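These notes concern the structure reproduced below.
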Amino acid sequence: MNLNYIKPHEWKIIEEGFHKEHVTASESIFSLGNGAMGQRANFEEYYSGESLQGSYIGGIYYPDKTRVGWWKNGYPEYFAKVLNAPNWIGIGVKINGKVLDLNKCEIIDFSRELDMRNGLLTRSFIASFPDGDMVKVHVKRFLSMALNEVGVIKYSITPINFDGNIEYEPYLDAGILNEDSNYDEFFWEILDKKTYDDEAYIMSKTLKTGFDVCTGMKTTFQLNDAAITLEKETHSEEKSITYQYTKSINTGDTFSIVKYGGYTQSMNHPVGELFYVSAQKLNEAASIGFDLLLEKQEKLWSRIWDTADIVINGDIKAQQAIRFNIFQLNQTYSGEDSRLNIGPKGFTGEKYGGSTYWDTEAYCIPFYMSTKDHNVARNLLIYRYNQLDKAIENAEKLGFKNGAALYPMVTMNGEECHNEWEITFEEIHRNGAMIYAIYNYVNYTGDVDYIASHGMEVMIAVARFWEQRANFSKDKDQFVILGVTGPNEYENNVNNNWYTNYLAKWCLEYAMENLELLKENYPQDYDRIIGKTNLEAEETIKWGEVARQMYFPYSEADGVYLQQDGFLDKELIPVAGLSKSERPINQKWSWDRILRSPYIKQADVLQGFYFFENHFDDKMIEKHFDFYEPLTVHESSLSPCVHSILASKIDRNEKAYEMYLRTSRLDLDDYNHEVHEGLHITSMAGTWLSIVQGFGGMRNFDNQLSFDPKIPKNWKSYSFKIKYREHTIKVFKNHESCKFYNESDTPVKIIVSGKEITIFNQDLVVV
Ligand code: BGC
């Protein structure tokens, strides 16, 4: 474990004392977001120490020209980067002419808190300057959920031992770079700047993609909380606007600036109105004021927590961690906009380009589906539906025909933008996750209409891909899928990755099953879809053949499916045999050594057992778990959760808990030594899954909701809620019993540890 400076607290993330060596880690951990925009917890005032400045706007990206050593046909031209956007939080501070810089002053009583009940970030400290001047500083900041184009900062300074001048220099800076830009290019064009009274605006446009953004700020001032007005000086430079306000302050008086800032952007407003709307929103926020906006914020968060909260008794670190995960997921995606998605780092860093991966379908959808209205998960499916044409184009580029679709490994707008051949071309299992998500959604919500309105078209295009991607092996007398990378990216170009083959077979069968369903129950949609896709009867006959005759590598001796052909040729030395100094192997070993090793980055065969648990009996699950888990290094954040869930299923309770801790405190304790780059947002959904599906044993197969609750030894109790179809069900588990409360107005049938029970409306059942 790397970090241990975050104080445990049920509802807060707390740093006490200034940890200069962890500033970039803290910038990630204390990040703020409201679904529409987000930012790292950079200091408002100037900081000369190490920092990764980051502010991001949902949906806005730049196609950074691909950089690879050796070009391969089919590579995407660019890698989409979520853009580091103009900085609106900046407030330069001078005390009697001296710059306040936490890297240079002596800092006393520093504390920083992120309150997860309202998304309020606070910071307070005393800064002592070399000449003896001391000031007390208190800063509060949040990104409004009520007005999601606005954020607010209240920055207050109290001189402790002198009367003197305090200067605030609020600014907008549009001269921002992406740290990970491939060619050190500047991604923005500055179009216009406007200054009015205490307001300023910069209009800018992203190069190439042409997103227009208006970044604005409006400031007000208070002396001991009473409003005051001040004269200012204006400094307008090529890419920035700074206002300078100076006031003489007496010892003990508190001088505050309230800064409203944020973005309006062309995905949401006509370009010609951006400035006007920005001014309107900032003035609306200022007229509501900091305190009232915060009150609204608290109400909105309390609505979220009402269904999403998981309460853990008896383990404060676990409690803090699960809330942190739920909190960050809600900061990243609010669910109203089907053009947005959930990047692996959300709004907390640049890595992974901020784009959409299969993480959404495999991990995030169940979280949003169970804790929010079902249209939120539906919007995530619609996102991919709207990108179907691009997925078909993408497959065409690689030589597929007839409307076959290959969804991208990474995307912002539907185009593939990953550019490592072994992933771009080979990690095709992602296509199966698209269909699994539709199945999961329909099965959970009962929204079969979705298949008729959208899902079937996606299923047909993906089935076409699998049929064309498989080939018949005369030698094996079966269909094989060659040259792939499974979820385990520590092996490339393998043949017959079991997980990929299994998904392919299942996708083909599921598509055929749903065609039958539509023919029977939605004949009009069936005709429309057959017409639109030109689906021929011979195609589905071929799908059936491929599915029936799919090959799966299997070891008779071990009684397990093999991750791929030839897996047993490896030296199967368990991870436990590796010394600590060699871990993580992706940072310590050569790539060649990793590829030849038996070590598995993340659930691969076990990912299939997780998705399709109902296809296998417990003995099979156990056998596969015991075979693969000891070889797994869990060097993807997506790994521990799947293992935690399966371990719970087969009663490996200690393992389940070990894996749970690893997923839940991955960022707070920085297990993978990389939190400074940003948080692992998509794996946070996995943490939620490891409680609800892991310890809670929630499953939903064949239209039947079931639970098999267990509880970790050191917890006293835990509870969670899920929205299931028209019901909201609360589950409470302690060591003696389990309680199910049906908060809705209609009865619900569930299976608990194998027994069917009916919970009447507004009723409680104790098991
Ligand atoms: C994992 C992928 C994942 C990606 C983004 C990689 O390290 O291996 O499965 O999609 O990260 O989270």
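Ligands are counted one by one from 1 in listed order, and the atoms in each one are counted from 1 as well. Everything numeric here is computed off the predicted structure, so don't read it as measured data.
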**Item:** Test of proximity, E427 against ligand 1: N or O pairs below 3.5 Å
**Value:** no
**Prompt:** Under 3.5 Å, is there a donor-acceptor pair between the Y183 and D64 side chains?
**Reply:** no
**Prompt:** Can you list the ligand 1 atoms lying under 4.0 Å from a non-hydrogen atom of P344?
**Reply:** 5 (C), 12 (O)
**Asked** Think R469 forms a cation-pi with W466, using NZ or CZ under 6.0 Å from the six-ring centre and within 45 degrees of its axis?
**Response** no
**Prompt:** Between R464 and F400, is NZ or CZ placed under 6.0 angstrom from the six-membered ring centre and within 45° of the ring axis?
**Reply:** no
**Prompt:** Which of the atoms in ligand 1, numbered in the order shown and given with their element, are less than 4.0 Å from a heavy-atom of K601?
**Reply:** 1 (C), 6 (C), 7 (O), 8 (O)
**Message:** Salt bridge or not between K601 and E635? Use side-chain N to carboxylate O under 4.0 Å.
**Reply:** no
**Complete:** The answer for which part of Q602 has a heavy atom under 4.0 Å from ligand 1 is side chain
**Message:** If the condition is ring-ring contact (aromatic ring centres under 6.0 Å, His included), which residues does H454 pass it with, not counting sequence neighbours?
**Reply:** Y385, Y450
**Among Y352, Y357, W358, closest by any non-hydrogen atom to atom 11 (O) of ligand 1** = Y352
**Asked** For atom 3 (C) of ligand 1, what is the nearest protein heavy atom, given as residue, atom name and distance?
**Response** D359 OD1, 3.5 Å
**Request:** Please identify each residue that fulfils side-chain contact (heavy atoms from CB on, under 4.5 Å) with V23, with sequence neighbours left out.
**Result:** F18, E27, Y47
**Message:** Quick check on contacts: which atoms of ligand 1 are under 4.0 angstrom from a heavy atom of L638?
**Reply:** 3 (C), 9 (O)
